[in-house]
Amino acid sequence: MGRTLLVFRLAARDLRRRPAEAVLLLLALTAATATLTLGLILNGVISEPYQSTREATAGPDVIASLGRLHGAETGPDPAALKALTDAPGVVAHSGPYLYTQAALEAGGVTVRVWAQGRHTSPADVDQPKVTEGNWVRDGGAVLEAGLAQALGASAGDRITLGGRSFQVAGVAVTAAMPPYPKVCYSPCRYGAAAQNAPPPPIESLPPTSKAGPPPGAFWMGASGLIWLSEADAQSFAKQTQSLGYLVNLKLADPAGAATFVRGHFQNLVTAPSLATWQDVFDGHMWLIEAQRTALMGGTWLLGLIALGSIAVLVGGRMTDQLRRVGLLKAVGGTPGLVAAVLLAEHVAVALLATVAGLVTGWLAAPLLTEPGAALLGSAATPAVTPATAGLVAAVALGIAGLASFVPAVRAARTSTVRALADVPRPPRRAARLIAISARLPVPLLLAVRAAARRPRRTLLAVAGVAVSVTGIVAALSVHADRYAEKAPGTDPRTGLSQALLMVAIMLVVQAAVNAICIIWATTLDARRSSALARALGATPDQVSAGLAAAQALPALAGALLGLAGGIGLAEVLNEDAVVIPPPWQLAAVILGAVAVVTALTAVPARIGARRSVGEILRTEAA
Amino acid sequence: MTQANGSLPGIGPVLRTQDLQMRYGRGAGLVRALNGVELEAAAGEAVAVMGPSGSGKSTLLNLLGGLERPSAGEVWLAGNRIDGMSEKELARLRRQSIGFVFQAFHLMDELTAQENVELPALLAGRSPRTARRRAAQLLERVGLDDRAGHLPSAMSGGERQRVAVARALVNEPLIVLADEPTGNLDSAATADVLRLLDGLRAAGQTLVIVTHDARVTAIADRLITMRDGSLVEETRLTRGTVGRLAELTGLEG
Amino acid sequence: MCGVEVRAVDVSGKEPSSGYRLRVVQEVLLALLAKEASYGYQLRAQLQLALGPLADALNAGQVYVTLNRLEKAGLATAERVGQSDRPDRKVYRLTAAGHERVVEWLGDMSWPKAAPTEFHLKLVAAAAAGLANPAHLVDAQRHAVLVELAAAQRAALTEPHGSVAGLLLEGVVLRLQADLTWLDACARHWSSRKEP
């Protein structure tokens with residue numbers, strides 16, 4: 001009991017003795033736990049709304065569509081689809097429904113849409129659920145909710161469709177198609193069945209008019225979904241010659257939808273495109289998945305930097321800790337006690353960081369789950385489950401344990417006498433760098449030597465900046481990518497940018513914390529050598545500039561590494577070819593990283609340069 | 001001080017202070033580290049300032065080298081008043097005119113003896129080649145040419161201090177200021193360093209050494225005793241023979 | 001100015017004293033003879049080597065005077081050796097009694113008195129009688145000791161590495177340093193007392 005009390009008392013004293021370091025440690029850990037929490041919360045946030053939408057709209061298990069091929073003499077034959085409705089295992093169906101394409105213009109934004117002709121009476125399978133306004137009528141279109149959101153359109157608005165004026169009759173959700181802009185009917189193909197099949201040959205299409213698709217063919221790529229009355233759909237199909245039919249199938253065994261599709265799939269351009277409800281679900285999930293990937297990737301990066309910061313903090317205090325350890329051992333403390341004190345300190349910080357991270361993540365999560373608009377009901381309120389909390393705590397404690405383990409082992413191994421003698425870790429010697437630096441101007445000479453004194457710390461500084469810049473550049477690349485292929489209106493996929501922005505902000509914060517840790521340790525470490533350089537005739541400006549350059553050079557190296565790493569990471573994360581962000585953005589990131597690090601260093605360096613040399617040399621006597 | 005101290009005719013003292021004051025703190029906590037110190041050192045003179053610890057010797061030396069600024073009074077080095085100089089001017093002065101030797105050696109641990117000696121020359125903007133040549137000469141002069149490539153951690157205290165002396169000389173300073181140069185050394189190493197400093201004195205180097213080690217008197221032309229921030233006594237040590245030493249042997253009946 | 005007292009002390013000013021009676025020289029010479037019979041000049045050279053600069057205290061005749069005394073006391077015997085080109089010389093040899101005396105000397109544990117009793121009493125008496133300010137006496141004494149120390153250290157610096165005489169000089173220096181430390185303590189004590 002007394003022993004436990006002692007451990008806690010020593011730990012509390014030590015934390016209070018160095019509040020700034022405790023705060024830095026807390027910040028570093030919190031950034032990592034908050035991101036991890038976000039990533040975990042987003043997991044499964046969508047599946048519930050999709051299920052309820054599927055129930056409310058009598059969502060199909062399989063969607064089959066067949067569109068007219070470019071150059072085909074006649075329209076597609078609905079008989080192929082009708083055959084599917086009679087296939088074994090099919091218990092219900094709706095359709096065939098006619099579909100065509102048109103250009104939709106609302107509020108100055110033009111979007112390509114697939115228009116599906118529907119009866120005014122409800123269908124047995126896939127009856128879209130109207131969330132606003134009414135169901136289709138002649139002259140009145142119903143917009144898929146994702147599309148309506150992207151356009152900012154609502155019931156009653158006037159829109160132009162294929163050059164004709166329409167009214168928005170209502171807004172509806174469906175479980176039969178992924179949201180805007182991922183709408184895709186034959187001859188477009190998607191889903192598990194089509195994935196491994198070679199794509200049908202794409203012929204050069206005749207030029208398209210502004211109002212409609214190429215005559216007798218379809219646009220591919222980003223587009224939305226609307227429902228029209230049958231008559232309206234017919235008349236558009238006549239006008240553009242773009243024509244297709246679709247059926248929605250309900251199976252006896254919804255879970256076997258993939259098997260059903262595989263059984264009926266033919267890799268022929270004249271065969272129907274088949275998609276399962278799972279494919280649709282994946283389409284809804286894609287954004288969330290991407291956000292999760294971004295956040296999880298971000299968490300890893302943040303975790304890495306956090307570890308770096310903690311290593312620097314712990315390493316910078318090693319001398320101090322070793323002396324404490326020596327004192328404790330001299331009065332009869334065991335290495336175990338010493339380790340327990342260190343561990344207690346770090347665990348306390350880790351627990352605080354866990355709570356702070358969970359709260360931050362929980363508060364930030366709604367910002368990222370907004371795009372669930374294409375489904376019924378708002379996304380389930382993100383909840384912090386015990387599992388999430390447990391995992392976050394475990395990670396935080398794991399980092400804390402690791403951070404305690406190394407110094408504890410080293411401390412236990414150090415002889416009491418040596419620890420008391422307060423022998424600091426001798427600086428490294430990099431003969432080549434020292435020789436080269438002799439040729440450099442004084443500030444750079446001091447900078448190179450300061451950096452070479454602690455190569456591991458310098459590498460950590462490089463790594464910290466590299467990881468942050470990697471994250472930021474990856475975010476910029478993906479962002480640029482999204483915008484390069486951005487669909488008109490508010491493309492919900494750019495919601496990924498929000499996640500990336502959040503990760504980027506966290507990375508910047510974390511990198512700043514890391515830089516502060518490193519600068520703190522370096523400034524402490526360089527106090528004596530800086531004072532000595534001044535005693536030997538270096539001006540305070542030269543010494544300050546040297547210290548700043550000692551941080552700026554690794555930051556520059558790290559930023560350049562991060563640039564390459566970020567583009568590489570985006571390449572890995574993105575299936576499509578990566579769009580390199582504009583050069584000015586990259587230049588801004590690199591210069592920004594260097595400038596921030598330099599500015600952070602300049603402050604302590606200047607303060608140090610003001611102190612009297614005599615005083616420093618007296619207190620820092622070796 | 002009332003007398004000129006044997007400075008060469010036509011040349012004033014290299015170093016001179018006037019009514020030097022140094023105070024720390026205020027109110028009840030006011031410490032008068034220096035209280036009206038007047039000191040002169042002529043060219044080529046070796047001055048030892050002795051006193052118990054806390055008498056203000058180190059503060060005096062820091063003021064003489066421009067490492068700290070006095071609360072009041074003047075410090076003149078080679079005809080220039082330095083107590084009001086900017087940090088930049090002081091830095092230039094230090095690298096051109098002053099060489100420091102510290103009790104704690106203050107060598108850079110990661111630099112070899114040679115590199116440590118080169119450092120002030122590089123800070124003064126000499127070319128690497130000049131710095132290297134000069135450092136090699138000085139290491140030879142302090143008898144450490146065979147240790148040039150060693151790190152301080154591989155050297156004895158006496159060797160380190162000799163490296164520090166070589167470093168102090170690399171820019172051919174007007175004056176060498178030494179703060180307890182033998183403070184961390186054993187008898188044999190003390191003798192080595194004293195011999196080295198004596199050699200400098202003989203070669204005409206102006207030296208000011210503050211110390212509580214009375215052995216330093218062996219190489220001083222003048223001994224100034226400090227107590228409680230003031231100079232209380234000055235002794236001129238003429239270099240005589242060891243005639244009276246015999247009395248010290250205790251061999252008399 | 002500022003109460004700084006200037007003194008000029010010429011260390012060389014004093015003539016070397018002569019005619020020391022070297023009490024221990026007898027025993028030293030006997031001990032040196034214990035190994036083998038030697039000429040007087042050989043013994044003198046050995047002493048000079050051991051004393052270094054301090055050997056100036058020995059005047060040339062002293063070794064021979066002492067050897068004569070040893071011979072008379074029956075502690076050593078002397079034998080004249082003829083030399084073809086020079087005057088005859090004496091070879092000295094240890095007797096049994098001399099040997100006994102050497103052993104006795106080596107076993108003698110007496111140590112020079114270290115207590116500066118006389119100076120201490122001088123201060124006490126001066127203070128009591130009001131004859132002089134003890135602090136001033138201490139300063140003067142300190143000054144004298146400093147000068148002696150400077151000379152001794154300077155002599156030590158001229159000794160080559162590993163010289164046996166250097167060891168003796170180091171002993172002198174260390175003792176004077178101890179004296180200085182004690183004088184500082186005296187100064188603190190007597191200057192902190194209220195002037196009568």
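Convention: sequence-line order gives letters A, B, ...; per-chain numbering from 1. All values reported here derive from a predicted model rather than from experimental measurement.
- Using a 4.5 Å cut-off on side-chain heavy atoms (C-beta onward), A:R534 and B:L90 make no contact.
- At a threshold of 4.5 Å between non-hydrogen side-chain atoms, the residues B:L122 and A:V442 do not count as touching.
- With a 4.5 Å cut-off on non-hydrogen atoms, B:F105 does not touch chain A at all.
- With chain A as partner, the option from B:E118, B:R132, B:M108 having the largest number of non-hydrogen pairs under 4.5 angstrom is B:M108.
- When the shell of 6.0 Å around CZ of B:R81 is examined, it contains more than 12 heavy atoms from other residues, nucleotides or ligands.
- At a threshold of 4.5 Å between non-hydrogen side-chain atoms, the residues B:E87 and A:T539 do not count as touching.
- We find the CG-CG distance between A:L536 and B:N171 to be 9.0 Å, quoted to the nearest 0.5 Å.
- If you take OG on A:S529 and CG on B:L107, they are separated by 13.0 Å, rounding to the nearest 0.5 Å.
- Atom CG of A:L532 is separated from atom CZ of B:F100 by 10.5 Å, given to the nearest 0.5 angstrom.
- Environment of CG in B:D228: sparse, with no more than 12 heavy atoms of neighbouring residues, nucleotides or ligands closer than 6.0 Å.
- Heavy-atom pairs under 4.5 Å with chain A were tallied for B:I98, B:T59, B:N62; the largest tally goes to B:N62.
- Within the 4.5 Å cutoff, the side chain of A:L445 has heavy atoms near those of the B:L119 side chain.
- Nearest heavy atoms, B:A91 versus A:A538: CB-O, 3.6 Å.
- Heavy-atom distances place no part of B:S153 under 4.5 Å from chain A, backbone and side chain included.
- Here the closest non-hydrogen pair linking B:P128 and A:A438 is CG-O, 3.5 Å.
- The main-chain N or O of A:G537 is found under 3.5 Å from a side-chain atom of B:R95 such that the two form a donor-acceptor pair.
- Between chain A and the options B:K88, B:R69, B:E115, heavy-atom pairs under 4.5 Å are most frequent for B:E115.
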